[in-house]
Amino acid sequence: MSERTDYLDLDTKDETFLDATELVLNMGPQHPSTHGVLRVILKLDGEKVLGTECVIGYLHRGVEKIAENRTYAMFNPYVDRMDYVAAVSNGLGYCEAVEKLLSVEAPPRAQYIRVILTELCRIASHQVWLGTHALDIGAITPLFYCFRDREEVLKIFEKYCGARLTTHAFRIGGCIYEAYEGFEQDCKKFCDAFLPKLDEYEELLTTNRIWVERTKGVGILNPEDCIALGVTGPVLRASGVKWDLRKAQPYESYKDFDFMIPTGLHGDTYDRYLVRIEEMRQAARIIRQAVDGLPQGPIMAMVPKVIKPPVGEVYHSIEAPKGELGYFIVSDASTQPYRIRVRPPSFVNLQALDKMVRGLLVADVVAVIGTLDIVLGEVDR
Amino acid sequence: MKLAPLVRKILLVDLIKGLKVTFHYQPPSEAITEQYPLERPVIFERFRGQPRLNSNPDTGESLCIVCNLCALACPEQLIVVKGERNPATKRKEVVSWTYDVSRCMFCGLCEEACSTDALELTQDYEMALYSREGMVLDQAALERGPEPVKYAK
Amino acid sequence: MIEYIKGYLSTGTTPGEAGNLFWATVYILLVIVGVSVAVLCMNWLERKILAHMQIRLGPMRVGPHGLLQPFADALKLLIKEDIIPHDADKLVFWSAPVVVTMTAFTTFLVVPFGRTHAVTDMNIGVLFMLGVSSLGVLGIIMAGWSSNSHYPLMGSLRSSAQMVSYEIAMGLAIVSAVLMTSLQTGTGTLSMIGIVEAQASQHTWFIFKFFPLGFLAFAVFAIAMVAETNRAPFDLPEAESELVAGFHTEYSGFRWSLFFLAEYSAMLAVSSIAVTLWLGGWMRPFPTWLGGSTWNMAFSFLPALTFFVLAAMCFLGTIRMPKIPQFRIQTIGLGTFGALLGFVGLVLLVPAVSVRVQDIYWFVVKVAFFMYLYIWYRGTFPRYRFDQLMKVGWKVLLPTGLGVLIATALWGLMPQLSAAITGVLQ
């Protein structure tokens, strides 16, 4: 890493940047397509990228530190604010981790509801990704179509738990909200209406020659690199590694459902696009199965009012829309966690940026940032 | 290259397909824009919005029993409840009740903690104010419920 | 005075041909005002059409259906603080938008809105237009350079490379259209009016001539002109997701609005070239097939009819306005606007007016079609990358243009060629 800092102290005292052989371009933190407040320092030769450096931390809120002086239940709403486009997944990961620490398990009905909501959330998150990714590459219209359909998901969230974005939908030990009247129908209606819309997005993009040219062969990550960098989620699967925690270490009731793990062949931006599109279809499939098989029964396990887990530590990870979302919790038998460490998928995936964009053009940097699907709230925490 | 894809490429089939999609969405009836002050969004029952302190509709007495559970449950510690035991009725009565909406993240934990349904997050969402002063709600304001500030020049 | 106007109008020439300075000035002013108004309309229409394609409503608040939005924007831009970056090259920074706007407007000198509705009829009209419109890139380079900032610099470099390479394909397509005026008739011309008259005398629009050669040349031009005006999907110089705002990142207020004006008038200008060269300029559709005085009569009602339809849409809008006090002014405004449009429609029914306006009407309709295409493209396509843009320009459009040019020449010379061949054989 040490050799990569040299372009930060490019001496510009007695020569202007035009005399320099390289152009140092500061992309962000205010830039339309760095998805928030990411700052990427690009070293360019003309438009060709020679190297990058990511500067993060503009959205740092110290979520992990906050956890140390909140009780377990109190910290639950904060995790929604990390990956704010997939808040439900964050909440699921946290609740599961604490449940593992307490050695309790949510009742089946709660597990099914959780699966339905997290898969809906996966669709919503992928739609934000698709819209913004297409916007980065210059297609402005899919964004609006995606947000229209995402709205339906958010409506289901609002009906279920009373909030659209930072949902705080699950509690440690299960769910606090019973499925509202018409929940099943809403989910099914959404799936029915959503799949034709997905075909429409594909009509706009999948075969479009400009889209194909812009994404095929751009930002290639081979499986070895992915594993070495710890990249997870659709980015990893697009490289051909069939690794999905829902299948590899089934949590909740995922083992009950029949779904496929889409993988790519080339590990380029186009494959990542196809993988995510297919993931949306599979998510809809899971939702349908879960709604059909929604069991009756309690939705909350027996969890003490004051959560005091035994001394110990636990690591639990789930397959969030962006990759492996892990929570490492150390308990000292008090009401508050001794330490919580979050393994956010965006933060780890962002590391691959430099590897992916070297030798490409400036326009590709934007495409690659889009395809990594980062959320800065999660990168900086 | 096979013939059919080549022909398709020359005839710009892929581009025309996309153009068709954007073309058929043009009728204004497809638009999903809500023109906010005129058309108001549908707020569902469980929505967590402006807090309200409920009182007994028959007697007008506050339902709050000053148990302090909401204040304990609040992750942001923005609820401060002070009460005093009334020697006549042997019941705790509210002396001061403040709720700092500016720090609230509407997680709903206070509402869940409340044992008497006194504190409730209502479906009102129009909470914008011109200054921060009005954001710390006292008991009277909480019982009155939301009073949206009208936009004025 | 009226006699003078009437006398001039009956001469049937452009002011340039007549050598009349006064009328030339009047026409130039009319063109400048007309283009500015067209840009304002375009601004509103682009927002509305794009919004509807994106299932939004677009501007709805400033005036009824946002009709006053362009004026509000113009006002905002005029009174906005004019910022010149500290390290900018002030003189160049100041002159760049002027250069861009001037070149964009100058091209309209030779655009024939009708047989007599042009400032002048230059015998090198097409060449003049190409030459002047390609000067616009100079202003863009100046803007990018003088801003002394990275994004504008990259934007302007992209822009210059792009415009220079697409000009070649564009030129080849234009040459093949110009060839069509001369082949088999022997009366070639570069004059814009002459080209339209050639299409009239050959009873075909050049887009249909030598099918598919005319169409191919038109297609090459239609793609190149989008690139030439830096519009989606070739809008790399101002790619907002990559270069923030490209060459005009550092511009604000009135200077920025000049760039805006220039971009849209350049779009209008290249569309006018396309209309003149391939779509029969001011001619109405089917002049021979649906010929005769009855059809002429029917077509002459169309301008008025268009305005009546627009007026009817306005009135429909007033009926559908929410019936609440806050909307009273808007409703009245929309009604007045509809009445105004209706009045214009009535004026256009007057035979003397309708005869003179016919040409302009058809020309504007054809240009409007291209404008719609521009918006449609923008709403649909992703953006090309720089190298791919160059690939399309040099590896697709240039060979196609060359091929079409050669094929057109060969086709045109077919009689002579066959005569020569048969002569040799005998």
Side-chain angles (χ1 to χ4, degrees), chain A residues 66-67 69-81 91 139-142 144-145 147-149 151-152 154-169 171 176-178 180-182 186 197 199-213 305-306 335, chain B residues 1 4-6 8-26 30-34 41-51 67 69-79 103-115 120-125:
Chain A
I66 288 175
N69 44 47
R70 297 284 187 279
T71 64
Y72 286 93
M74 272 186 191
F75 184 60
N76 202 354
Y78 288 89
V79 296
D80 289 349
R81 281 147 179 88
I140 40 182
T141 307
F144 297 95
Y145 297 167
F147 270 66
R148 167 195 59 188
D149 299 339
E151 190 65 25
E152 299 307 312
L154 297 189
K155 268 187 192 148
I156 295 178
F157 287 167
E158 189 186 331
K159 278 188 195 171
Y160 174 75
C161 60
R164 291 156 50 86
L165 199 66
T166 44
T167 46
H168 194 203
R171 301 292 188 273
I176 191 136
Y177 301 108
E178 182 52 84
Y180 62 90
E181 189 123 337
D186 273 1
K197 300 278 170 58
D199 296 337
E200 223 159 55
Y201 310 154
E202 286 218 72
E203 237 162 69
L204 271 175
L205 298 174
T206 306
T207 53
N208 187 310
R209 66 187 65 188
I210 306 175
W211 179 262
V212 173
E213 276 186 46
K305 268 256 176 225
V306 179
T335 56
Chain B
M1 198 185 251
L6 188 71
R8 238 176 281 149
K9 193 157 188 191
I10 290 171
L11 292 179
L12 311 172
V13 172
D14 50 332
L15 300 181
I16 291 165
K17 247 173 34 187
L19 286 171
K20 243 165 64 190
V21 172
T22 41
F23 189 79
H24 95 244
Y25 269 119
Q26 273 187 89
E30 295 276 357
I32 47 159
T33 313
E34 260 174 21
V42 183
I43 301 297
F44 299 107
E45 200 196 329
R46 291 177 184 174
F47 185 77
R48 304 192 293 256
Q50 169 111 6
C67 60
L69 280 176
C70 50
L72 287 174
C74 181
E76 286 289 330
Q77 284 122 38
L78 52 84
I79 301 174
R103 277 158 55 205
C104 183
M105 56 179 173
F106 304 100
C107 60
L109 284 173
C110 52
E111 191 185 27
E112 282 161 30
C114 186
S115 48
E120 187 188 340
L121 295 178
T122 59
Q123 279 93 52
D124 293 288
Y125 53 90

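Residue numbers begin at 1 in each chain, while the letters A, B, ... track the order of the sequences.
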What part of [X] is in contact with chain A, defined as an atom under 4.5 angstrom from a non-hydrogen atom: side chain, backbone, both or neither?
{"X": "B:Leu12", "value": "both"}
{"X": "B:Glu112", "value": "side chain"}
{"X": "B:Leu72", "value": "backbone"}
{"X": "B:Leu121", "value": "neither"}

Shortest non-hydrogen contact between [X] and [Y], atoms and distance:
{"X": "A:Arg171", "Y": "B:Cys107", "answer": "NH2-O, 3.9 Å"}
{"X": "A:Val212", "Y": "A:Thr206", "answer": "CG2-O, 3.3 Å"}
{"X": "B:Pro41", "Y": "B:Glu34", "answer": "CB-OE1, 3.5 Å"}

Can you tell me which portion of [X] sits under 4.5 Å from chain B's heavy atoms? Options are side chain, backbone, both or neither.
{"X": "A:Ala73", "result": "backbone"}
{"X": "A:Tyr145", "result": "side chain"}
{"X": "A:Thr167", "result": "backbone"}
{"X": "A:Lys305", "result": "neither"}

If you count heavy-atom pairs within less than 4.5 Å of chain B, which of [options] leads?
{"options": "A:Arg164, A:Glu158, A:Arg70", "answer": "A:Glu158"}
{"options": "A:Lys159, A:His168, A:Glu203", "answer": "A:Lys159"}
{"options": "A:Phe147, A:Tyr177, A:Tyr78", "answer": "A:Tyr78"}
{"options": "A:Ile176, A:Thr166, A:Thr141", "answer": "A:Ile176"}

Query - A:Tyr180/A:Asp186 under side-chain hydrogen bond (donor to acceptor under 3.5 Å, both in side chains): CA gap, chis, key distance, verdict - result: CA-CA 10 Å; A:Tyr180 62 90; A:Asp186 273 1; 2.6 Å; yes

Query - Residue, of B:Lys17, B:Gln77, B:Gln123, that accumulates the most heavy atom pairs under 4.5 Å with chain A - result: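 So the answer, after comparing B:Lys17, B:Gln77, B:Gln123, is B:Lys17.
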
